[in-house]
Amino acid sequence: MVRIILGAVGGFFSWLIMWVGVEMALSAMWPASYGAHQLAFQEAISNGGQFTADSTLLLAHIAIGAIVSVAAGLVAALIARGNKRALLALALLLLAMGVMKAVMSWPYVPIWYHLIFTGMLFPLTIVGGKLRPAA
């Protein structure tokens, strides 16, 4: 039971750390485009107002989210030694977080983005867990 909890929590925090790390790196490398877009998005979420999402950056978010979800699933599976319940718990946790993010950002981002990003979290986390080498 402890490994299940540690796997789910470890996978969740690894997802967050990887996501934030990539976001910070891309914002630092391209402050005028990626960084400015992210700041404008955060400002719109925090204070309301206008925001126009850049489709290219939304596609980049989908790609980053896919990679990070697979990696987090693998981390959870490694910690939990392949226990499928840890993977399921992590996938549900990420799905809940994705739904919450979609609700918060609904008026600012196109529906196709919400559907793809949120819809990929669960299955790609499971795929990541299946990448764990057999012991």
Side-chain angles (χ1 to χ4, degrees):
M1 182 63 145
V2 172
R3 282 214 175 266
I4 295 169
I5 294 168
L6 289 175
V9 171
F12 184 76
F13 280 108
S14 70
W15 194 99
L16 287 175
I17 290 166
M18 288 183 279
W19 178 268
V20 170
V22 169
E23 287 279 305
M24 290 174 65
L26 292 176
S27 291
M29 290 188 316
W30 295 292
S33 58
Y34 194 91
H37 184 266
Q38 293 308 101
L39 287 174
F41 178 70
Q42 287 300 331
E43 181 69 22
I45 294 290
S46 299
N47 302 322
Q50 296 289 68
F51 173 76
T52 304
D54 181 324
S55 294
T56 303
L57 296 180
L58 293 178
L59 290 171
H61 276 188
I62 290 170
I64 295 163
I67 294 165
V68 169
S69 296
V70 169
L74 178 58
V75 167
L78 290 170
I79 293 170
R81 295 188 181 151
N83 188 304
K84 291 179 182 171
R85 284 188 253 162
L87 208 48
L88 181 61
L90 172 60
L92 289 172
L93 208 59
L94 290 176
L95 180 60
M97 183 186 67
V99 169
M100 190 172 67
K101 181 181 183 269
V103 168
M104 288 175 25
S105 63
W106 191 262
Y108 302 107
V109 182
I111 191 166
W112 63 263
Y113 173 80
H114 292 301
L115 293 174
I116 294 170
F117 191 89
T118 305
M120 75 179 182
L121 292 172
F122 190 96
L124 291 180
T125 301
I126 300 300
V127 167
K130 292 181 185 246
L131 295 177
R132 177 184 174 265

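Nearest heavy-atom pair, Lys130 versus Leu87, reported as atom, atom and distance to 0.1 Å: N-CD2, 4.4 Å. The two residues Met120 and Gly65 have their closest heavy-atom pair at CE-C, 3.4 Å. Looking at every heavy atom in both residues, Ala36 comes nearest to Ala32 through CB-O, 3.4 Å. Nearest heavy-atom pair, His114 versus Ser105, reported as atom, atom and distance to 0.1 Å: CE1-OG, 3.2 Å. Pro110 approaches Ala53 most closely through the heavy-atom pair CD-CB, 4.2 Å.
By the 4.5 Å heavy-atom criterion applied to side chains, Phe122 and Leu92 are counted as neighbours. In this structure the side chain of Leu59 never reaches within 4.5 angstrom of the side chain of Tyr113, judged on heavy atoms. With a 4.5 Å cut-off on side-chain heavy atoms, Trp15 and Leu93 do not count as touching. In this structure, the side chains of Leu16 and Met97 come closer than 4.5 Å at one or more pairs of heavy atoms.
Listed by first and then second residue, the ring-ring contact (aromatic ring centres under 6.0 Å, His included) pairs that reach into residues 62-83 come to none, sequence neighbours excluded. Each ring-ring contact (aromatic ring centres under 6.0 Å, His included) pair with one or both residues in residues 48-68, not counting sequence neighbours, appears once here: Trp19-His61, Tyr34-His61, His37-Phe51, Phe41-Phe51.
Looking only at distances, a side-chain donor or acceptor of Ser14 sits under 3.5 Å from a matching main-chain atom of Gly11.
Few gaps surround CE on Met29; more than 12 heavy atoms of other groups in view lie less than 6.0 Å from it.
Other residues sharing the hydrophobic cluster of Ile79, ordered by chain and number and joined by side-chain separations under 4.5 Å: Val2, Leu6, Val75.
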